[in-house]
Trainee: 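For reference, the structure I am asking about is given below.
Below, chains carry the letters A, B, ... as their sequence lines are ordered, and counting in each starts from 1.
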Amino acid sequence: MKRIPYTTCQPPKIRFLKGLLMIVAASAVFASAPQVLFAQKKFDKSYPASKNVRLNLVNRTGTVTVQGWERKEVRISASLERPFAQIEPQNLSGEIRINVVQDNHGRGEVGDVNFTIYVPYDSTVDIETRIGNLNVSNVQGGFVRAHITSEGDVSLANISASSVSAKNLIGNIFFDGIIKPGGTYFFKSMSGDVNIRIPLKSSFKLLATAPSTRNIALGSFSNSSMRLLGDGRRVVGKVGGGEASVTVENQRGTITFLRR
Amino acid sequence: MNCGNYQNLISAYLDGELDTGTWRAVETHLEQCDECTRVFSDFSTILEFCDETYAAEPEPPNSHALWCRINNIIESELPETQAETVASEGRASSGFWNTGLNLSAGQIASAVAGIALVSSLLTIVAFQNLTTPADPLAGQDGEETVVEKVLADLGIGDSKVERNERRLKEQRAAIEYWKNRVEVRRASWNIETRVVFDRNLSEIDKAVSEYTRLLNENPHDTISNEMLDSALKEKMELLREFSEL
C-alpha cells in the first residue's frame, strides 16, 4: 500500500497554525536583519601628505595594517564593530594623529576598530594598540614603531628605516627589512617568537637575550666575535663592522635570525 | 637625530621642559640606546644627589637680610678704631687679590692643594677610560659608571645594589598605584578585554617570580636583575595603559 505523506493528512486548523508560526518566525528574522547588516561601520578619509609625513596611531583593540604606497596621500580606512568607537583624526602640520583611546576615554565598552592605512613610502610610522595585531609593510621612512601593550603579533615587512622598535607581551614579532648603518633596532617580547630576517651583509652590534629558553639562533650571522653570557641566556657580538645596533629581548620565547 | 642630539636633550627631559613629541622621541631613544641610557643615568644620579643635598640644607628665609644683620652686629661690637682699621684695610686691598674674598695664606694653599688633588683624580679617571675604552657590548652587563663609582666610594651616592633595590621598591609602589586604578576601570571592560588583561598579567607575573627566585639564589646575577627590571616595567606599562580604557 502506498503511504500517504504525513503533512497532507493534517487537519486544516493545524496547517493554518503552522503557517502562522512560520510567518511569525520569518518576521522575526527580517526584524533583526538591519542589526545584522549594520553590525559594522566603515570609516574612510584621505589626506594629502607632505614629504616625510608622520602617522601616529593609538588604537584600543583590533588589527592595524599600514602599507607604504607611491602616492603622496594618506588614506585611512577602518571597519568598526559595535559598540562603535569614535574616531577623530587630526591633520597637524606633517602629522596625521589618531588616538582611539583618548577619543573614547570614559565611554566604557567599545568595539574593535580594524584599520587599513596607506601612507607614502617615506613616512614615519608610530602605531600602538592595547590588544590586536600590527602589520607594517613597504615603509622606508626614518622611524617605525609598533607597540602592542598586551597580546597580538607584530609584523614588519619590507622595512628600510634607521630606527625600528617593535614590542608586545604575548605574540610573535617578525621583522623583514634592512639594517641601516648607524641605525637602532629594538625588538622585545615577553612570550612568543621573535624572527628577524635581514640581509647577510648587514653590519650591526648585537645584544640578544632569551633567558628562559636560551634559544637564540643566529644562523648565517653567527661568527667568532659572538660571546655567550649568563650560561647562554644572552649573546653579544658584532656582525660585519658593527655599524648599527640590534637589541632583542624575549623573556620566555625564542629569537631567530634569518638570512634575507 | 643622533646620540649627541639626544644627549643634549637629556637635561631638559629630566626637567620636564620638552614638548610631548620630543619627550616621546627621547624616551623611545633611551629605551633603545644603551650609551644614552648611561648618560641619562649619570645625569639622574647627579641631579638626585644635588636635590638631596639641597633638601638636607634648607636655606633660611630671607638669608640675605640675615647676613646683613649678622654683619651689622659684628661691626657694632668692634671697637671704633679697630673698625676703622678693618674698613681702611678693606678699601686698600679688598681681600684676595681685590676680589672681595678674605682668605689667609693657609686657606689659599689648601684651595690650591684641593684643586690639584681633584685635577689628579680626574686625570686618573680619564686615563683609565683612555686605556680601557668602554666596550659598548660589555657595558650591557650593568657595569657601574665612573660617576656612580666615585660617588659610591666617597659615600655620597648609592652602590649599584642599593640603587637597584631602591628602583625596585619605586617600581612596586608605582605598580600598586596603577593596580588600584585598573580595579576602578575594570568593571567597564568587556569580558574579552578582562580575559586578555588577566592572561598577560599572569605571564608577566610568571617572569617576575622566576627572576625573583633566581636573584634570591644569586643576588649578583646581572641578567636576572635586568630581566626583573624589564618585566616590572612591562607590568607597570600594562597596568597604566589598561587603566586608560
Side-chain angles (χ1 to χ4, degrees), chain A residues 54 56 58 60-61 83 92 95 101-102 104-112 126 128 130-132 142-143 145 147-152 163-165 167-170 182 184-186 188 190-191 205-207 209 211-212 225 227 229-231 233-234 236-238 242 245-247 249 251-252, chain B residues 1-3 6 20-21 24-25 28-29 31-36 135-141 185 187-193 195-204 206-208 210-211 214 218 221-228 230-231 233-235 237-245:
Chain A
R54 181 187 175 98
N56 189 325
V58 181
R60 280 173 67 116
T61 58
L92 308 168
E95 181 175 357
V101 173
Q102 202 175 301
N104 295 276
H105 184 68
R107 281 192 58 207
E109 197 179 327
V110 170
D112 285 4
D126 182 349
E128 61 179 78
R130 301 295 173 253
I131 307 169
F143 177 73
R145 176 180 175 270
H147 284 192
I148 301 170
T149 309
S150 62
E151 63 189 55
S163 178
V164 174
S165 174
K167 207 172 89 167
N168 63 8
L169 281 181
I170 300 176
T184 51
Y185 300 83
F186 178 75
K188 184 178 178 186
M190 179 67 69
S191 162
K205 291 188 291 264
L206 174 68
L207 173 74
T209 315
S212 203
S225 83
R227 280 183 289 152
L229 301 176
D231 299 327
R233 289 177 293 168
R234 172 173 283 173
V236 293
K238 266 186 193 179
S245 158
V246 176
T247 307
E249 180 187 310
Q251 297 238 3
R252 299 168 69 78
Chain B
M1 279 200 286
N2 58 25
C3 286
Y6 281 113
T20 318
R24 184 167 221 162
T28 308
H29 182 76
E31 276 177 5
Q32 299 166 6
C33 177
D34 296 298
E35 196 189 327
C36 291
D135 180 356
L137 297 174
Q140 302 294 348
D141 62 1
R185 299 291 310 153
S188 66
W189 300 346
N190 62 25
I191 186 78
E192 275 174 37
T193 307
V195 168
V196 169
F197 174 80
D198 290 341
R199 188 164 49 227
N200 282 268
L201 196 64
S202 145
E203 195 68 25
I204 297 175
K206 274 186 214 163
V208 169
E210 190 179 323
Y211 300 126
L214 288 170
N218 177 11
D221 182 353
T222 317
I223 293 177
S224 293
N225 208 339
E226 274 178 36
M227 292 299 116
L228 176 63
S230 172
K233 268 186 194 161
E234 288 303 325
K235 186 170 179 174
E237 210 163 294
L238 179 77
L239 290 164
R240 184 172 57 81
E241 292 186 352
F242 270 73
S243 75
E244 293 170 355
L245 297 181

Trainee: Please state whether the side chain, the backbone, both or neither of A:V246 comes within less than 4.5 Å of a heavy atom of chain B.
Mentor: neither

Trainee: Less than 4.5 Å to any heavy atom of chain B: does that hold for the side chain of A:Q102, its backbone, both, or neither?
Mentor: neither

Trainee: So what's closer than 4.5 Å to chain B heavy atoms on A:T149: side chain, backbone, both or neither?
Mentor: both

Trainee: What part of A:E95 gets closer than 4.5 Å to chain B, counting heavy atoms only: side chain, backbone, both or neither?
Mentor: neither

Trainee: Going by atom types only, do B:S230 and A:K188 share a side-chain donor-acceptor pair under 3.5 Å?
Mentor: yes

Trainee: Looking at B:E234, B:E31, B:E192, which makes the most heavy-atom pairs under 4.5 Å with chain A?
Mentor: B:E234

Trainee: With a 4.5 angstrom heavy-atom cut-off, which part of A:T209 approaches chain B: side chain, backbone, both or neither?
Mentor: side chain

Trainee: Report which part of A:S212 has an atom under 4.5 Å of a heavy atom belonging to chain B: side chain, backbone, both, or neither.
Mentor: both

Trainee: Counting only heavy atoms closer than 4.5 Å, note whether A:I131 contacts chain B via side chain, backbone, both or neither.
Mentor: side chain

Trainee: Counting heavy-atom pairs closer than 4.5 Å to chain A, which one of B:E244, B:H29, B:E241 comes out on top?
Mentor: B:E241

Trainee: Please check if atom CD in A:E109 has more than 12 non-hydrogen atoms from other residues, nucleotides or ligands closer than 6.0 Å.
Mentor: yes

Trainee: Go through the atoms of A:Y185 and report whether side chain, backbone, both or neither lie under 4.5 Å from a heavy atom of chain B.
Mentor: neither

Trainee: Ignoring hydrogens and geometry beyond distance, is a side-chain donor-acceptor pair present between B:T222 and B:N225 at under 3.5 Å?
Mentor: no

Trainee: Flag the one option from A:K167, A:H105, A:E249, A:E151 with the top tally of heavy-atom pairs under 4.5 Å to chain B.
Mentor: A:E151

Trainee: Tell me, please, which residues at least two apart from A:R252 pass salt bridge (charged side-chain N to carboxylate O under 4.0 Å, His left out).
Mentor: B:E203, B:E210

Trainee: Sort A:D126 into side chain, backbone, both or neither according to what part of it lies under 4.5 angstrom from a heavy atom of chain B.
Mentor: side chain

Trainee: Under 4.5 Å heavy-atom distance to chain A, tell me which part of B:A187 shows up: side chain, backbone, both or neither.
Mentor: neither

Trainee: Please examine the side chains of B:M227 and A:R234, heavy atoms only from C-beta on, and report whether any two atoms are closer than 4.5 Å.
Mentor: yes

Trainee: Nearest 0.5 Å please: distance from the CG atom of A:L206 over to the CZ atom of A:R227.
Mentor: 11.5 Å

Trainee: How are the rings of B:W189 and B:F242 set to each other: parallel, tilted or perpendicular (split at 30° and 60°)?
Mentor: perpendicular

Trainee: State, without any angle test, whether B:S224 and A:R233 hold a side-chain donor-acceptor pair at a distance under 3.5 Å.
Mentor: yes

Trainee: Identify, with sequence neighbours excluded, every residue that meets side chain to side chain contact (heavy atoms under 4.5 Å, CB included) alongside B:D198.
Mentor: B:R186

Trainee: Below 4.5 Å from any heavy atom of chain A, which atoms of B:R240 appear? Answer side chain, backbone, both or neither.
Mentor: neither

Trainee: With no hydrogens and no angle check, is any side-chain donor or acceptor of A:R145 less than 3.5 Å from a backbone partner on A:S165?
Mentor: no

Trainee: Is B:Y211 in contact with chain A via its backbone, its side chain, both, or neither, using a 4.5 Å heavy-atom distance?
Mentor: side chain

